[in-house]
Colleague: 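First the structure, then my questions, so here it is.
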Amino acid sequence: MEILMAFVVGILFMSATYLMLSRSVVRIILGTTILSHGVHLLLLTMGGLKGGAAPLVGENASSYTDPLPQALILTAIVIAFGVTALFLVVGYRSYKVLGTDNMEKLRGNEGND
Amino acid sequence: MIQTVVYIALICVAVAMITLLYRVIKGPTLPDRIVALDALGVNIVAMVALVCIALDTNAFLEVILLFGILAFIGTVAFSKYLEKGVIIENDRNS
Amino acid sequence: MKMIEIAKLIIVAFILIGAFFHLIAALGVIRLPDVYTRNHAASKAATLGVLCILLGTFLYFYFIHDHFNSRVLLGILFMFLTAPVAGHLLGRAAYHSGVKMWGQNGPDDYKEYIEIKKSEKYQEYEAYRKKIEENIKAESK
Amino acid sequence: MKTSDLILQTATKLILFLIVLFSVYIFFAGHYTPGGGFVGGLLTSGAILLLLLAFDMKTVQTILPFNYLYMVALGLLFAIGTGAGALLFNTPFLTHAFGDIHVPVLGELHLHTATLFDLGVYLVVVGVTMSIIQTIGGDE
Amino acid sequence: MINFLILPILIPLITGVLLIFANKSIMLQRWIAGLSAFMTVVVAAMLVQKVKNDGVQTLNLSNWDAPFGITLVSDMLSALLVLTTSVVAFACIIYSFKGIGEEREKFHYYAAFNFLIVGVNGAFTTGDIFNLFVFFEVMLMSSYVLILLGGTKIQLRESIKYILVNVISSALFVISIAYLYSVVGTLNMAHISVRLSELSGISQPGIVTIIGVLFLIVFGLKGAIFPLYFWLPGSYYAPPVPVMAIFGALLTKVGVYSIIRTYSLFFFEEAGYIQQLLIVLAILTIVGGLIGAIAYWDVKKIVIYNIIVAVGLILFGIATMNQDALTGSVFYLIHDMIIKAALFLLVGLMAAIAGTSNLRSMGGMIKRYPGLGWTFFLAALALAGIPPLSGFVGKLLIVQGGFASEHYWGAAIVLMSSLFVLISIMKIFINGIWGKPRAFENEERVPYKKLLIAPVILVILSVCYGVGADFVYPYISQAAETLTNTNIYIDAVLKE
Amino acid sequence: MSLLHLAIIAPFIIAIFVPFFYKYIKGVHTGWFVLPLPILLFVYFISFISSTSNKQTITESFSWISSLGIDFTVKVDGLGLLFALLITGIGSLVVLYSIYYLSKNTEKLNTFYVYLLLFMGAMLGVVLSDNLIVLYAFWELTSFSSFLLIGYWYDREKSRYGAQKSMIITVLGGLAMLGGIILLYLMTGTFSITEIIAQSDAIINHPLFVPALLCILLGAFTKSAQFPFHIWLPDAMEAPTPVSAYLHSATMVKAGIYLVARMSPVFAEHALWVWLIAGFGLVTLFWGSFSAVKQTDLKSILAFSTVSQLGLIMSLLGIGAAALHFDELNPAIFTVATTAAVFHLINHATFKGSLFMVVGIVDHETGTRDIRKLGGLMNFMPITFTIAIIGAFSMAGLPPFNGFLSKEMFFTGMLSVLEMDFNWGILIPIIAWIASVFTFIYSMILVFKTFTGKYQPEKLEKKPHEAPIGMLISPIILASLVIIFGFFPNILSSSVLVPALETIMPGFSFDVKISFWHGVNEELLMTIGVILVGVILYFTLSKWRGVYGLFPEKLALNRFYDNSLDWMQKGSYGITNAYMTGSIRNYLAYMFTFIIIILAATLFGKDAFAFSTENVAQIEFFEVLLSLIIAIASIAILFTKSRITSIILTGTIGYIVSLFFVIFRAPDLALTQLVIETISVSLFLLCFYHLPKKLTEDPLSFKVRNAIISVGVGAVVTLIALSAHSNKLFDSISQYYIENTYTEAAGKNMVNVILVDFRGFDTMFEIAVLGIAALGIFSLIKLRKNGGKKVEDK
């Protein structure tokens with residue numbers, strides 16, 4: 001399973017990278033959300049999968065899955081949400097103010113002379 | 001017996017999901033995709049339930065209800081977007 | 001046959017029926033010709049499928065583990081409540097966003113209604129009606 | 001064309017109660033079963049979001065006249081306060097205390113400062129989500 | 001009080017929260033922000049003294065023992081950096097009173113600023129690798145807010161790039177933690193160090209090296225090392241002056257600090273490979289920064305590229321990894337934080353007066369603004385490492401360490417970088433502060449004397465830091481000692 | 001802190017008060033407040049003569065950064081004292097002169113005197129400190145005070161140019177010197193000159209010895225304007241004339257000479273030292289004198305003359321060092337050279353100082369320094385003319401002035417090279433002689449083109465007249481010194497010269513007896529030759545001037561300097577602009593490429609890749625199907641053009657991810673992921689109202705590039721994940737949480753307990769992050785609305 005997940009994560013990273021390299025701001029933001037999915041899955045995978053019952057005491061199981069990566073992922077998910085929300089707003093604000101969502105047109109080299 | 005049936009059911013649902021995914025990607029219209037997404041959500045709920053049985057734990061039963069709620073909210077948001085372009089109106093009586 | 005075996009059979013039946021409906025729903029979404037019919041398949045068949053499976057799950061925990069889980073029941077209730085609303089909203093949204101119908105179904109009644117609403121006479125009628133309503137309000141005060 | 005969302009609104013009124021109840025449950029149960037401040041808070045904001053979808057900003061604002069940014073700050077204060085309480089006892093920051101208190105009528109009452117902390121989380125999450133949605137939704 | 005070391009994090013945090021409530025009155029906000037910044041300075045100074053007297057301070061948060069809970073660790077390095085951060089923040093706050101504009105003040109500028117300090121101080125203090133990530137996020141999120149605040153065109157445009165790069169680096173950070181966790185199964189930095197050192201008996205697995213490289217990339221993105229600094233010049237150019245100053249002074253340094261910390265604790269045994277890599281990258285960073293600094297005629301750009309040079313310098317010292325060079329790096333790190341903030345404030349002040357940051361349309365400022373001119377001159381010399389100003393001792397030690405470790409070319413480049421830094425920064429002095437006096441459009445509007453207070457404070461500090469190097473030296477060498485002898489750190493955390 | 005330290009610091013202290021004098025006491029020229037200081041110091045230093053002439057050295061130490069071996073140790077010995085006297089003595093005269101030269105009404109006297117005092121203190125520090133780092137500190141300070149003084153009239157383009165040039169070149173040397181100092185430290189473990197000298201024998205074979213030597217020499221050469229670094233000195237003449245007289249002739253430029261003299265005991269054992277110093281000195285001597293002749297600006301002539309004279313002193317020191325290097329030869333032959341060097345050092349200060357002052361007077365009274373405009377001033381300013389004659393003749397090496405004496409000794413020194421077994425040795429005296437010829441010529445030009453010839457009043461800005469007496473005092477004193485030293489050359493020898501010489505060449509005994517007449521020998525003949533040829537060439541100047549045209553301008557060093565600065569600026573601009581395109585996509589492409597390459601290289605280079613199927617969880621068929629869904633959906637996003645479709649697909653991925661969380665037994669994650677996903681989708685939909693309908697597409701080439709990079713990233717991540725998972729070297733610490741969740745933390749949901757208790761600190765800041773995000777979104781959207789244009793950056 002971990003091996004499969006490694007490949008899934010790889011594919012998620014791949015498409016996230018591709019999206020982040022594209023021109024459109026919307027795609028870039030989508031890329032970051034997909035990136036965070038990949039990251040979270042990877043973190044979970046690295047903790048070891050299916051190591052036992054869900055980490056709830058009283059599951060009368062002999063072993064539990066590692067709860068620590070789950071807690072870390074939870075933190076990471078919430079942070080990623082905050083960042084995505086902000087990024088989204090920045091994206092649309094900048095589209096309104098600058099009039100384009102094309103990153104190629106957003107070069108701007110102030111002070112480069 | 002139950003376990004076998006659950007695994008069969010899981011595969012059925014997964015196949016159904018892939019089929020729905022085809023609709024999501026193919027379209028051809030936006031409502032098609034959203035309909036498929038909605039159905040996908042329902043399938044996921046089913047899957048969670050089946051996984052609960054398969055793992056023999058009630059830890060995920062909350063997820064079912066929660067997902068029911070969220071799939072609904074999502075569908076409402078999408079349909080409002082389709083219909084009006086803006087999902088939250090400032091003042092609909094004006 | 002013991003009670004528990006019967007219960008197991010019922011559970012299995014529910015799950016299998018549910019899975020079957022899911023497949024049917026998926027088939028419908030793939031095969032049906034336009035968004036309205038697909039919506040129909042998705043919201044009816046899939047909902048039925050998930051209800052069956054949820055019921056099976058509930059029974060599983062109730063019988064096998066002797067655990068009465070209210071959340072699943074609530075979930076069933078919830079699904080029951082929301083699925084039609086969601087289907088309705090989607091259909092309406094599709095219609096208003098201008099998705100064409102398949103063409104081999106019956107007459108488009110809703111279109112007629114909208115056209116009536118858009119017509120001049122209806123507008124006049126609306127204005128008139130509003131005026132009278134306001135008058136009544138003013139008088140009652 | 002203006003459409004009425006009667007069906008949606010009616011359903012929402014019905015469902016809303018359910019969601020809020022569930023979110024409160026999930027919040028309090030968090031220490032024992034899946035859930036907690038995050039999910040609870042997010043779900044509550046989901047409920048408000050549904051309200052916003054079905055109705056409109058103005059209506060919702062009259063029903064829930066909160067300044068969500070203040071709510072965020074309040075939640076943070078809760079969380080920090082729970083942690084800083086430990087400073088008074090010269091124990092490390094964020095040390096939690098718990099215990100069972102016997103209340104005559106209600107019986108055993110399980111108290112845990114972690115719940116207070118989680119309440120802070122809950123408030124922040126609701127405040128943040130709602131203030132984001134409100135600010136974006138209110139932007140013309 | 002065992003919770004002492006958390007105060008530099010807690011005070012700005014509480015202040016930030018209170019400031020959200022206080023958004024109605026600007027005066028109230030200023031008072032709160034100023035007082036709390038001052039308090040943080042005092043507390044941080046006391047903390048430094050405490051670490052000096054009692055050794056490494058640790059705090060097991062929530063009262064869980066070391067590898068299981070989160071541990072805050074204040075060794076001398078982190079305490080010093082916290083102190084410097086607080087000082088720089090204080091100066092920038094003072095500058096902000098007159099220099100940021102009431103609009104921004106109304107919209108939670110001070111709150112975001114305080115959160116930024118929380119993030120930076122937290123990152124310096126934490127002893128847990130995931131907690132470091134969280135503090136990075138606090139810092140980054142506040143920096144996003146600060147870079148955006150005001151929403152001008154350039155701010156929006158550059159912030160997209162800035163956010164994107166940092167999102168990627170955060171993602172890489174988390175996956176690095178994931179890999180590390182997979183290998184060592186723990187998050188406490190001291191504990192990781194112990195576990196990794198247990199490995200050295202067996203053949204050192206290559207996986208540790210690759211995780212080390214990954215961490216280098218992550219922190220390199222934050223700290224702007226050679227091929228990863230492209231985002232920096234544009235992003236730092238966008239925000240208003242005090243924000244630019246605090247960014248320039250602090251943010252990259254957090255990355256550098258993290259490199260120091262992780263390399264001294266985790267990857268010291270991989271020195272061979274990673275050290276070579278780091279040295280090469282450090283040199284390339286210096287060269288790249290210098291090329292940029294010389295290229296432009298924009299005052300902000302010049303100073304921004306000098307950040308990169310400084311990062312390269314410090315990294316070179318770290319990579320050299322001997323006591324001298326490390327001491328020098330720490331010396332230089334603190335110097336650079338102070339002087340960069342001062343320079344940004346000064347350059348910003350010049351740009352504010354002139355109404356443009358283009359050097360070609362400045363000139364003769366010394367005639368009307370002698371204070372500005374001389375402060376800038378001193379700051380420029382300090383930046384270039386002219387004795388007895390603050391940059392000198394650090395540079396001396398880095399070069400000395402470099403020569404001693406027989407990295408002759410690297411050390412020579414470090415030495416000669418001073419010349420080019422000087423050329424680039426003196427370009428501002430010669431063309432902007434000297435030159436034919438002109439009339440500037442914004443002259444009347446800029447409260448010049450009040451804005452000058454903050455940079456003057458910083459420059460005076462910098463001069464004292466350089467001249468009083470003997471007084472500072474015991475602190476710095478204690479910091480460097482913890483880096484070379486990691487057992488001090490580990491024992492303090494794990495209490496073995 | 002002793003009185004000696006105070007003496008060095010005193011100028012700095014006074015410098016602090018100068019602005020106040022200037023501001024509050026307007027009636028009196030600020031110079032008068034400054035003047036007592038150098039005089040006092042001069043007197044103070046004279047009091048040391050008695051002790052140094054008894055071979056005593058006075059050492060006072062004051063700890064500065066003692067932890068690094070940097071102490072402010074002051075050491076007064078012969079050499080140091082000589083320079084200290086020079087600095088304070090000439091300093092007094094220059095201050096006096098400046099009082100009349102700079103008008104108190106129009107000039108910014110406060111800054112001028114601050115700079116001058118800074119310089120004076122720094123220079124004292126250079127020559128008196130025993131610690132190399134302290135020396136270096138003062139050394140740089142002299143560079144910067146010189147920079148400030150050259151740029152005194154900062155609104156003039158040329159001043160700024162000259163200031164920058166001098167700064168760049170001297171700092172370059174300074175840094176090299178610092179490098180040398182550090183190398184010395186690594187060899188000896190000390191920064192103290194005295195201790196380094198004590199260890200000099202031990203380190204000569206150290207591999208770092210030669211680099212250290214070269215570095216130190218580079219410092220000395222740049223400061224003392226040796227060829228090819230001399231180019232800064234002529235441009236430094238943009239400084240006010242008193243400054244030129246002080247810094248750029250008498251003191252600062254001699255710091256390099258001081259350094260060479262000071263370090264001779266350390267390095268002179270090495271042949272390289274001897275040859276480099278002598279060689280560069282000679283080249284400089286020749287080139288400076290040769291170039292001086294073609295100048296038309298009086299100060300430029302003097303500048304090149306200074307260059308040339310510095311070369312002369314340098315070469316003498318080099319030849320003198322041979323005494324230390326060659327054990328087999330009679331040291332007495334070479335010690336003459338050193339003696340000449342030191343003697344000429346003093347003489348040069350006197351005559352060059354007076355000449356600069358004269359030029360200053362001419363400039364001041366006529367408004368020009370161009371010899372093509374000047375002429376016939378003899379009648380208007382006779383005293384000035386007299387001083388000029390004295391100075392110039394001394395410079396030309398004519399009797400009976402002191403220049404003649406040192407010139408003779410110089411020839412002696414150069415001839416002594418012939419004693420060495422060196423094939424081309426004869427060239428050295430020949431070059432020296434030719435240079436002397438040119439020296440003669442420019443000295444004559446200086447005097448006669450200015451003071452004799454045709455008076456051209458129409459070309460002058462002012463009507464010339466004799467300078468005020470105050471302005472004349474200093475040059476008169478200097479000129480009289482020229483004569484006094486000429487007639488009584490030995491008055492300084494035992495008291496000042498010998499102690500200095502013994503410091504330069506410890507272990508040699510000096511018996512300095514300079515006599516005016518020592519018979520008809522080679523030296524005298526050479527001098528006569530110089531005069532004869534010089535006179536002829538002077539009168540035929542216009543005929544052979546064309547020689548200078550032969551040197552292509554392109555090869556000129558100045559051109560080289562300008563071009564390289566220009567090239568540096570343009571090149572770096574080109575480079576930086578080429579890669580700093582402002583396009584984040586390019587940046588990301590670079591970064592990702594770097595990341596992929598470095599990670600892949602490490603992965604395979606360090607043999608880090610591992611793959612094991614142990615320890616992996618079992619896999620179910622439906623999980624494969626789910627993975628397939630994620631894969632298909634995430635790839636489908638790349639090809640979709642509609643933003644709604646992509647958001648639907650992203651939502652799908654999110655939902656499947658949460659399903660994975662369910663399968664992997666992470667209920668909390670599944671819950672959170674679901675809600676977050678839904679709310680994010682709503683946010684996207686909310687924002688889409690404000691965003692463009694279509695997604696911008698890339699051209700194909702970019703797509704290919706991006707595809708390659710993305711596949712690389714994905715592959716690297718996967719490979720590392722596989723290796724990391726196959727390398728589970730330790731157990732996780734989470735067993736502790738599993739055991740203690742209920743007993744210690746009173747909770748059952750481990751994840752939640754970790755979140756609020758074990759790692760509650762994380763959570764606290766995580767919600768802080770959320771709060772900040774909300775704050776940012778709020779401000780971002782609202783600020784614009786209310787603020788309008790005001791927020792635009794100042």
Side-chain angles (χ1 to χ4, degrees), chain A residues 1-4 6-15 17-18 20-24 26-27 30 33-34 37 41-42 44 46 49-50 54-58 64-68 70-71 73-75 77-79 81-82 84-86 88-89 92-93 95-96 101-104 107-109 112, chain F residues 577 582-585 588 616-617 619 627 630-631 634-635 637-638 643 646 650 653 657 664-669 672-673 676 680 683 687 690-692 695-696 698 706 710-711 713-714 717-718 721-722 725 732 734 737-738 741-742 748-751 754-755 759 762 766 769-770 773 776-777 780:
Chain A
M1 193 70 218
E2 279 88 347
I3 297 166
L4 179 67
F7 281 98
V8 170
V9 168
I11 289 172
L12 283 176
F13 264 83
M14 186 197 79
S15 63
T17 312
Y18 188 88
M20 288 187 298
L21 285 171
S22 66
R23 293 188 171 186
S24 151
V26 176
R27 280 192 178 201
L30 284 177
T33 59
I34 291 177
H37 287 323
L41 276 182
L42 183 74
L44 195 65
M46 288 294 108
L49 298 173
K50 299 184 182 176
L56 299 166
V57 177
Y64 294 95
T65 32
D66 192 345
L68 190 53
Q70 298 190 6
I73 294 171
L74 201 65
T75 309
I77 288 179
V78 176
I79 290 175
F81 168 68
T84 309
L86 184 79
L88 202 53
V89 175
Y92 98 68
R93 229 14 273 187
Y95 175 65
K96 279 197 153 177
D101 74 324
N102 186 342
M103 287 311 289
E104 285 303 287
R107 289 179 174 228
N109 269 331
N112 282 16
Chain F
N577 250 11
S583 158
I584 187 67
R585 307 166 69 226
L588 284 184
V616 294
I619 199 163
S627 312
I630 288 196
S634 62
I635 290 171
I637 295 180
L638 310 183
R643 52 190 191 153
S646 12
T650 321
I653 295 175
V657 166
F664 297 145
R665 285 96 161 146
D668 285 275
L669 288 185
T672 316
Q673 173 69 35
I676 294 256
S680 327
L683 281 182
C687 291
H690 309 278
L691 278 166
L695 302 175
T696 332
D698 271 321
N706 294 353
S710 356
V711 169
V713 171
V717 169
T718 307
L722 290 175
H725 185 262
S732 163
S734 53
Y737 301 125
I738 294 170
T741 297
Y742 192 66
K748 284 184 177 168
N749 181 356
M750 293 172 208
V751 176
I754 291 178
L755 278 177
R759 299 183 68 88
D762 273 354
E766 168 198 354
V769 172
L770 273 187
I777 292 171
L780 180 59

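Each chain gets a letter, A, B and so on, in the order its sequence line appears, and its residues count up from 1. The shown structure was predicted, so the numbers you read here are calculated from the model rather than taken from an experiment.
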Colleague: If you round to the nearest 0.5 Å, how far is CZ of A:R93 from CD1 of F:I777?
Modeller: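 Atom-to-atom, F:I777:CD1 and A:R93:CZ are 12.5 Å apart.
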Colleague: Starting at NZ of F:K748, measure out to CG of A:L56 and round the result to the nearest 0.5 Å.
Modeller: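 Rounded to the nearest 0.5 Å, the NZ-CG separation comes to 10.0 Å.
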Colleague: Rounded at 0.5 Å granularity, tell me how far CD1 in F:I619 sits from CD in A:E2.
Modeller: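 Rounded to the nearest 0.5 Å, the CD1-CD separation comes out at 9.0 Å.
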Colleague: Using the side-chain contact (heavy atoms from CB on, under 4.5 Å) definition, which of the options F:V657, F:I630, F:T718 pairs with A:V8?
Modeller: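 Among F:V657, F:I630, F:T718, the one meeting side-chain contact (heavy atoms from CB on, under 4.5 Å) with A:V8 is F:I630.
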Colleague: Answer with side chain, backbone, both or neither: which region of F:Y737 has an atom nearer than 4.5 Å to a non-hydrogen atom of chain A?
Modeller: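 Just its side chain gets close to chain A.
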Colleague: In Å and rounded to the nearest 0.5 Å, what is the CG to OG distance from A:L12 to F:S627?
Modeller: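 Here the interatomic distance stands at 10.0 Å.
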Colleague: If you look at every heavy atom in A:H37 and F:I653, which pair is closest and at what distance?
Modeller: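 Here A:H37 and F:I653 meet closest at CD2-CG2, 3.9 Å.
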Colleague: Holding to salt bridge (charged side-chain N to carboxylate O under 4.0 Å, His left out), I want the full list of residues that pass it with A:D101, two or more places apart in sequence or in another chain.
Modeller: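 So A:D101 forms no salt bridge (charged side-chain N to carboxylate O under 4.0 Å, His left out) with any residue.
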Colleague: Only counting residues at least two apart or in another chain, list the ones meeting side chain to side chain contact (heavy atoms under 4.5 Å, CB included) with A:T75.
Modeller: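 A:T75 satisfies side chain to side chain contact (heavy atoms under 4.5 Å, CB included) with A:I79, E:F130, E:V134, F:L755, F:E766 only.
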Colleague: Count the heavy-atom pairs under 4.5 Å between each of F:I676, F:L588, F:I584 and chain A, then report the option with the highest count.
Modeller: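 Top option by heavy-atom pairs under 4.5 Å: F:I676.
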Colleague: Name the option with the most non-hydrogen atom pairs under 4.5 Å to chain F; the candidates are A:F81, A:F13, A:Y18.
Modeller: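 The candidate making the most pairs under 4.5 Å is A:Y18.
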Colleague: Quick one: closest heavy-atom pair of F:S710 and A:T17, and the distance?
Modeller: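 Closest heavy-atom pair between F:S710 and A:T17: CB-CB, 3.8 Å.
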Colleague: Pick from A:L74, A:V26, A:I73, A:L42: which one has the most heavy-atom pairs with chain F under 4.5 Å?
Modeller: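 That would be A:L74.
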Colleague: Sub-3.5 Å donor-acceptor pair from the side chain of A:Q70 to the main-chain atoms of F:R665, do we have one?
Modeller: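 Yes: the side chain of A:Q70 pairs with the backbone of F:R665.
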Colleague: Looking only at non-hydrogen atoms, find the nearest pair between A:T65 and F:I738 and report the distance.
Modeller: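 Heavy atoms only, the tightest pair is O-CD1, 4.5 Å.
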Colleague: List the atom of A:R27, the atom of F:L638, and the distance in Å for their closest heavy-atom pair.
Modeller: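 Scanning both residues completely, I find the closest heavy atoms to be NH1-O, 3.6 Å.
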Colleague: Which value, rounded to the nearest 0.5 Å, describes the distance between A:M14 atom CE and F:I635 atom CD1?
Modeller: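 Reported value, rounded in 0.5 Å steps: 4.5 Å.
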Colleague: Please classify the contact between F:L770 and chain A as side chain, backbone, both or neither, with a heavy-atom cut-off of under 4.5 Å.
Modeller: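 Answer is side chain: those atoms of F:L770 sit under 4.5 Å from chain A.
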Colleague: Is F:V751 close to chain A through its backbone or its side chain, or both, or neither, when contacts mean heavy atoms under 4.5 Å?
Modeller: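 Its backbone and side chain both get close to chain A.
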Colleague: Can you tell me which portion of F:T741 sits under 4.5 Å from chain A's heavy atoms? Options are side chain, backbone, both or neither.
Modeller: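 Just the side chain, heavy atoms under 4.5 Å.
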Colleague: For F:L683, is it the side chain, the backbone, both or neither that has a heavy atom under 4.5 Å from a heavy atom of chain A?
Modeller: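 The answer is both parts of F:L683.
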Colleague: Chain F heavy atoms under 4.5 Å from A:I3: which part of the residue, side chain, backbone, both or neither?
Modeller: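 Answer is both: backbone and side chain atoms of A:I3 are under 4.5 Å from chain F.
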Colleague: With a 4.5 Å cut-off on heavy-atom pairs, point out which of A:V9, A:T84, A:L41 contacts chain F the most.
Modeller: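 With the most close heavy-atom pairs to chain F, the winner is A:L41.
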Colleague: Pick one of side chain, backbone, both or neither for A:L44, based on which atoms fall under 4.5 Å of a heavy atom in chain F.
Modeller: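 Side chain only.
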Colleague: Do you know the tightest heavy-atom contact between F:C687 and A:L88?
Modeller: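 Result for this residue pair: SG-CG, 3.6 Å.
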Colleague: Nearest heavy-atom pair of A:G82 and F:A773: which atoms, and what distance?
Modeller: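 Smallest heavy-atom distance, with atoms named: O-CB, 3.9 Å.
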Colleague: Can you tell me how far the CZ atom of F:R759 sits from the CG atom of A:L68, to the nearest 0.5 Å?
Modeller: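 CG of A:L68 is found 6.0 Å from CZ of F:R759.
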